[in-house]
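Read the structure below first, then the notes.
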Amino acid sequence: MNHAKPLNLIIEGALLASENPLSLQDIANLFDENKPSKNEIKKAIDALNNNYKNHSFEIINVASGFRMQVKKGYDNWISKLNKQSSTRYSKAFLETLVIIAYKQPVTRGDIEEIRGVAVNPQIIRNLIEFEWIKVVGHKETPGKPELLATTKKFLDYFNLKSLSDLPPPSELELEA
Amino acid sequence: MNHAKPLNLIIEGALLASENPLSLQDIANLFDENKPSKNEIKKAIDALNNNYKNHSFEIINVASGFRMQVKKGYDNWISKLNKQSSTRYSKAFLETLVIIAYKQPVTRGDIEEIRGVAVNPQIIRNLIEFEWIKVVGHKETPGKPELLATTKKFLDYFNLKSLSDLPPPSELELEA
Amino acid sequence: MTTFNVNNNDTSIIFNGKTITDIPEDLFIPPEALRVIIEQFEGPLDLLLYLIKKQNIDIVDIPILPITNQYVEYINMMQQMQFELASDYLVMASTLAEIKSRMLIPHDGEEEDEEDPRANLIKRLMEYQKYKNLSQQLDEIPRLNRDTFIVSKILANIEKKDSMPSIDLQQLENAFQEVLKRAEIFASHEIQTETLSVRERMSLILDIINMNGTIKFIDCFTYREGRMGAIVTFLAILELVKECLIDIVQNQDYSMIYLQPVTS
């Protein structure tokens, strides 16, 4: 059911909620019926930006589409935010990383099976963002799940030359 | 260096950029000098919300602070953005959660007694990993079972400010 | 195809296009349908509530005899079908039997202090019903990513600070120990505990194939790595094939061997 929201407010909401930039096509795809034309979407975005004169944010056009971001000049205050939120890494984060390192290439399903809990998508996203892991392919099973593996950057971070420099699990097992 | 941005726009930008809800204290901490009072911050937030009448988003107050979110009524379009995150929880999961929420602090034994079945350890593990519940102590009974309670994050997830915002139990109480 | 819906507490099964709301008494019930009916009960209390609701009777005045009979019927069916029957169901069956027998004992004069043998069960059923209702209500509360959406991660024009976590190798080791311990519980899953260099090579080869499509088998080897390197590479390729992550193709005998993504 369509509650008949104005086009520009739907675009605004979508850009605000999306984690990634949205292309004109992405935006058009949000609509089942009354799909707006690309031109209409462009116009709506211009209109929105005009309205943002008295706001701290704007819509900008980057390589992969449009994205909403805070205007320049606020970093003095906002940069304090990100400092607070970083560097708290959970057990779940470490365990997920370690399973990818030792069992690679693995799917999320594999990680779930070992840990016995659902994989937190945020953790995978963070690991990819850090470039500690990447998608190296897809498994040919239903759903074609992504195969995850660690990167060189991961090794660099831990000063390892190769994965075989990781502590051998057999020794750990004895201690455990 | 302070470029003298209006207080409400700084708050707007911070709420936009933050991943977590911000308390009044968090917001005050963004300022090195001219720290606004909590009252001033509250007023600024009210003013912002008044300005959002013609927008698709709003600032709401949840358990751990203020956060910006898309207004209700846009899920029809926005849910298409993140297909994988549309979560459905099993009956067992919801029943376990609800017993912890309403009867906290509870032990697993308490949950079992009410539901009449063994607690699925997987569900408890998931709830702890989501940080929706946590162990708040141990009961002084044999085996010292863990006492479980819900967290602020649980309230945040359901857009609640406090436990008292949960739906009241409909008392089918009879003089049994 | 068997499907089932749970709407407002109503149980309905669609089997072969027909809606089954009850378990018919004399008819053969397709095992799949029965399984679906039974699997959606959250336990003995849930099953009892279902039976009570089905009979349209008042929870505070349960006719213990028919309900007990029906309950036992279900349990028997489950056992005949060799379901892994949770012991909780059996405990409830004996509780019901006990209540039944206590109800049958004729009362003497001192029935004043005699408590209704059903009282405790009724209390539990009502308590459970309360939370069952609440859990349905909780499910309807607007929740994140379904009904409401946080405005998230709009990175300003700020230089993204290096928000890399600080972890040392020791922490990784500890995490892995945890995982190993956990894995013992999930005994069906065996963690690969050897040949990390093979695992690493697997990822590398997979990555190359993923980027380039088909590659030559021979190109996976480099002379500089020597004998050990070649063995590691070879093992990695075998492992990738075994795990159905790549295909090996050769058009004719003695011709070039290629590695390619799995074609389904």
Side-chain angles (χ1 to χ4, degrees), chain A residues 1-20 22 26-27 29-32 48 51-52 54-57 68-86 90-93 95 108 112 115-123 143, chain B residues 1-20 22 26-33 48 51-58 68-82 84-85 87 89 93 120-131:
Chain A
M1 27 160 204
N2 197 311
H3 298 284
K5 299 274 178 199
L7 174 64
N8 56 349
L9 290 194
I10 295 172
I11 296 174
E12 180 183 72
L15 287 172
L16 281 168
S18 173
E19 280 178 40
N20 305 312
L22 298 176
D26 292 334
I27 294 171
N29 286 344
L30 300 176
F31 297 81
D32 295 322
L48 283 168
N51 266 329
Y52 295 158
N54 295 320
H55 283 290
S56 58
F57 55 88
M68 192 78 93
Q69 65 178 36
V70 179
K71 287 178 185 165
K72 271 181 203 159
Y74 290 91
D75 42 325
N76 192 23
W77 299 273
I78 293 177
S79 58
K80 293 205 182 73
L81 283 176
N82 298 340
K83 256 182 236 158
Q84 294 167 351
S85 61
S86 72
S90 60
K91 220 172 82 169
F93 180 92
E95 289 188 10
R108 283 163 204 237
E112 282 179 6
R115 297 200 57 238
V117 283
V119 169
N120 181 344
Q122 186 59 46
I123 289 177
Chain B
M1 19 140 222
N2 198 313
H3 298 282
K5 297 277 178 198
L7 173 64
N8 57 350
L9 289 195
I10 295 172
I11 296 174
E12 181 183 75
L15 287 172
L16 271 167
S18 173
E19 279 179 46
N20 303 311
L22 298 176
D26 292 335
I27 294 171
N29 287 345
L30 298 177
F31 298 82
D32 295 323
E33 47 199 32
L48 283 168
N51 268 328
Y52 296 159
K53 292 259 154 69
N54 295 319
H55 283 291
S56 58
F57 57 90
E58 63 192 336
M68 201 168 266
Q69 64 182 41
V70 179
K71 286 179 186 165
K72 267 178 223 169
Y74 289 90
D75 49 315
N76 194 23
W77 297 275
I78 293 177
S79 57
K80 294 203 183 73
L81 286 175
N82 325 335
Q84 71 272 57
S85 61
T87 26
Y89 299 109
F93 182 94
N120 182 346
Q122 181 63 39
I123 288 177
I124 301 290
R125 242 181 274 135
N126 274 332
L127 285 170
I128 288 178
E129 180 149 332
F130 293 167
E131 294 175 49

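Below, chains carry the letters A, B, ... as their sequence lines are ordered, and counting in each starts from 1.
- The nearest pair of heavy atoms linking Ile78(B) to Ala17(A) is CG2-CB, 3.7 Å.
- Qualifying ring-ring contact (aromatic ring centres under 6.0 Å, His included) partners for Phe57(B), counting only residues two or more places apart in sequence or in other chains: Phe57(A), Tyr52(B), His55(B).
- Residues that satisfy the side chain to side chain donor-acceptor pair (under 3.5 Å) test with Asn8(B), not counting sequence neighbours, are absent from this structure.
- Between Leu16(A) and Leu16(B), the closest side-chain pair of non-hydrogen atoms falls below 4.5 Å.
- Among all heavy-atom pairs drawn from Ala118(A) and Asn126(B), the shortest one is N-OD1, 3.4 Å.
- Contact annotation for Asn29(A): only backbone heavy atoms (N, CA, C, O) come within less than 4.5 Å of a heavy atom of chain B.
- For the atom pair OH of Tyr74(A) and CG of Leu30(B), the computed distance is 13.0 Å after rounding to the nearest 0.5 Å.
- For Asn51(B), no part sits under 4.5 Å from any heavy atom of chain A, backbone or side chain.
- To the nearest 0.5 angstrom, Lys71(A) atom NZ is 7.5 Å from Leu9(B) atom CG.
- The contact between Glu129(B) and chain A is made entirely by side chain atoms (from C-beta outward), counting heavy-atom distances below 4.5 Å.
- With a 4.5 Å cut-off on non-hydrogen atoms, Leu22(A) touches chain B through its side chain but not through its backbone.
- Distance check, rounded to the nearest 0.5 Å: CD1 of Ile27(A) to CH2 of Trp77(B) gives 14.5 Å.
- Minimum interatomic distance between Ser56(A) and Gly13(B) (heavy atoms only, all atoms of both residues): OG-N, 3.2 Å.
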